[in-house]
There are 2 protein chains.
Amino acid sequence: MATIKDVAKKAGLSVSTVSRYLNDHPYISDDKKKRIKAAMDELNYSPSMVATQLRSKKGTMIGILVSRITNPFFSYLVDSIEKNSKLLGYNVLVMQTYDDPAAELKMLEMLKQQVITGLIMCSVEGNPDVIETYQQYGPIVFCNERIPGSTIPQVYTDQEQATFEATNYLIGKGYKKIAYCTGGSLTKGGHGNARTAGFEKALLESKLTMKKDWIFKEVHTIADGHQIAEKILSLPESNRPDAIFTGSDEVASGILQKFLQVGKKVPEDLAIMGFDNQPFTAMLAVKLTTIAQPVDALGREATKVLVAQIEEATYQIDTTELKLELIERESA
Amino acid sequence: MATIKDVAKKAGLSVSTVSRYLNDHPYISDDKKKRIKAAMDELNYSPSMVATQLRSKKGTMIGILVSRITNPFFSYLVDSIEKNSKLLGYNVLVMQTYDDPAAELKMLEMLKQQVITGLIMCSVEGNPDVIETYQQYGPIVFCNERIPGSTIPQVYTDQEQATFEATNYLIGKGYKKIAYCTGGSLTKGGHGNARTAGFEKALLESKLTMKKDWIFKEVHTIADGHQIAEKILSLPESNRPDAIFTGSDEVASGILQKFLQVGKKVPEDLAIMGFDNQPFTAMLAVKLTTIAQPVDALGREATKVLVAQIEEATYQIDTTELKLELIERESA
DNA sequence: ATGAAAGCGCTAACAC
DNA sequence: GTGTTAGCGCTTTCAT
């Protein structure tokens, strides 16, 4: 591999001139520019990013933390962040946590070790206070996750309000026995808390109660949905919910599928509310009523905030598109 | 940020000893190990990956090239590669090409610039011959894409055979006017060629013909499926296909949805064959007949081959799981 | 077992 | 405009 030194020698110039050329500094004579270009081509030279970065301290890699990339919400989010990053001259290092705080810490360490120049956390498992201590090593932004009172910039939607409204929508339709699913662990500070708060608030206002048997935590997949359906169906009829807020289209679909399989009707036997408005939800046997997330805007704004911080500029988040929207279809 | 020098000073030792500690060399006295550890903790020290890499030439980042991460096939593939890489001590840099050869080249350049230590190409747009020239800068493996005659290691399934069989399945059901969709551009050497070959072979053997009007190229999304459906429906009835091989569950779903919307029946009015067996295909209003891909195995084997090459070991690809399987449901 | 010192490839004063 | 030079933080001979 040719180095800047080789190029300088071949062009009969000093390394500094070549370095200037690389960083397109002003004031290099055209004649020399051509000689340098020729030498580079001849040697098939590419500057070493590693050396550049060691010296200049400026990296070009952004880290993205998601819990599971196979969740379409996250794959669309990564898509948005990747596209916007590329536009701004950055590359993305993607890491899945699978809800493991250790993976998250590993990513934070990479920020410290300068592997990444900035970090977008689309899911957070660890203690926000310790995450904050990593800000000294590079900018961090929370995307989608909202951590009240944190000093870390956040790009988010109002999930509490949306869940509140969605639950009221259910209540308004006459459902009184509403079950609840969450991807979180239901511990304070864990994720999914905003939604839980909105759900509880709606129930409280209507003097409805939450039953232990109707709460499902740490559920994410279609298979989880199957299990939930089975649990519900194994309950005595008198004790079964008549509606369920799932917090995930995948879980919702799983429940739906199992109910249909055993000959139940949706929403007559169970009304199902999804979350995310994933593309396929409009095509299911019973079209899913769900909540659309502004995933493109979420990714775009998060990227812009992060890059602004990296480049020591300021950027005011544009919140106009960051709205959740209830999509009314057939399942509830 | 503390450096190795600071640690050495604080521990009253030389940088070399600290470096040895970092790389757990043999023969450091326990006493000194403790002093080093203490100094590191006190200074909150983390070695700089960048400096380490500049010196040692050993990186820990693997590049993954996909066309669109929002395609569930790719998100599952990335999931598999990411998980397996992590297991082997590597991180992943993900880049989407959106079928743009320039993006692909950019990634190849990153291999040259040592940003990534190895590259898994899950989609290839550019000229295989020029891709091969990049092997001098680091190992490359093709995953899913098969490029006959290339010296680059490949992990793939037999898509030609599977498409041949799927088409024969359609023919066996009595369909004679079979349309065809591909994500590729239908140029020689472009992707999707294996499938096209299998399709053509099946048609040829049954003396069926391909019609221009029944060929759809560069289609990927549900929206593309909608358009295809509209084009088919705009054809005079006598000239409409009675079945369609889509090469993509997303496209298949789009076609299905539009047909159902206008009151057509599937498979009676049009038999639809998907590809990928994405989770939601079993839950559509008309369950999709499709082809399951061994995506976990694909990702795992690709990662193992690549890492073996990076670490200068040898690895024999385990092909036992690399089989495509026709999943017969309702749409065809 | 430990240390001194020479770079890895590049950037950025500083000098001319 | 262009060249000289001192590092960035680490690894790695080569001594001892």
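Every chain is numbered from 1, with letters handed out A, B, ... down the list of sequences.
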> B/Ser123 side chain to B/Asp99 main-chain N or O, any donor-acceptor pair under 3.5 Å?
Replying inline: no
> Is the count of non-hydrogen atoms from other residues, nucleotides or ligands lying under 6.0 Å from A/Gln136 atom CD greater than 12?
Replying inline: yes
> What pairs meet the salt bridge (charged side-chain N to carboxylate O under 4.0 Å, His left out) rule with one or both residues in residues 293-311 of chain A, with sequence neighbours excluded?
Replying inline: A/Arg300-A/Glu321
>> So if I take the C1' atoms of five pairs at each end of the helix from C/dA1-D/dT16 to C/dC16-D/dG1 and get each local axis, what angle do the two axes make, rounded to 10 degrees?
In response: 40°
> Between B/Lys5 (NZ) and C/dA6 (C1'), how many Å, whole number?
Replying inline: 13 Å
> So what does A/Tyr21 touch, heavy atoms closer than 4.0 Å: a base, only the sugar-phosphate, or nothing?
Replying inline: nothing
>> Test of understanding: with ring pair (Phe, Tyr, Trp, His ring centres under 6.0 Å), list the residues that count as partners of A/Tyr156, not counting sequence neighbours.
In response: none
>> Without decimals, in angstroms, what is the distance between B/Met49 CE and D/dG9 P?
In response: 16 Å
> So, is A/Ser48 near the phosphate of C/dG9, with a side-chain N or O under 4.0 Å from OP1 or OP2?
Replying inline: no
> Could you give all pairs that pass the side chain to side chain donor-acceptor pair (under 3.5 Å) test and reach residues 61-79 of chain A, with sequence neighbours left out?
Replying inline: A/Arg68-A/Thr70, A/Arg68-A/Glu250, A/Asp79-A/Lys83, A/Asp79-B/Gln96, A/Asp79-B/Tyr98
>> My understanding is that only residues two or more places apart in sequence, or in another chain, count here; which of them pass ring pair (Phe, Tyr, Trp, His ring centres under 6.0 Å) with B/Tyr45?
In response: none
Mind listing the side-chain donor-acceptor pairs of residues 113-120 of chain B below 3.5 Å, one per line with the distance, residues two or more places apart or on another chain?
none

> Can A/Asp31 and A/Arg35 be counted as an ion pair, charged N to O under 4.0 angstrom?
Replying inline: yes
> Quick one: A/Tyr137 OH to D/dG9 C1', roughly how many Å, whole number?
Replying inline: 16 Å
> For DNA chain C, which residues in residues 105-113 of chain A have a heavy atom at a distance below 4.0 Å?
Replying inline: none
> Within this structure, what is the CG-to-P distance between A/Leu54 and C/dC10, rounded to whole angstrom?
Replying inline: 11 Å
> Which pairs with one or both residues in residues 110-146 of chain A pass ring-ring contact (aromatic ring centres under 6.0 Å, His included), sequence neighbours excluded?
Replying inline: A/Tyr134-A/Tyr137
> Where along residues 29-43 of chain A does a heavy atom come under 4.0 Å from DNA chain C, residue by residue in number order?
Replying inline: none
> Would B/Thr17 and B/Ser14 satisfy side-chain hydrogen bond (donor to acceptor under 3.5 Å, both in side chains), going step by step from the backbone distance to the final call?
Replying inline: CA-CA 6 Å; B/Thr17 308; B/Ser14 74; 3.2 Å; yes
>> Holding to salt bridge (Lys or Arg N to Asp or Glu O under 4.0 Å), I want the full list of residues that pass it with B/Asp41, two or more places apart in sequence or in another chain.
In response: B/Lys37
> Of B/Lys57 and B/Thr17, whose closest DNA chain C nucleotide lies nearer the 5' terminus?
Replying inline: B/Thr17
>> Does anything in residues 8-19 of chain B form a salt bridge (charged side-chain N to carboxylate O under 4.0 Å, His left out)? List the pairs, not counting sequence neighbours.
In response: B/Lys10-B/Glu42
> To the nearest 0.5 Å, what is the distance between CD1 (A/Ile69) and SG (A/Cys122)?
Replying inline: 9.0 Å
> What does nucleotides 11-16 of chain C look like as a protein-contact string, B for base, S for sugar-phosphate only, - for none, at under 4.0 angstrom between heavy atoms?
Replying inline: BBBB--
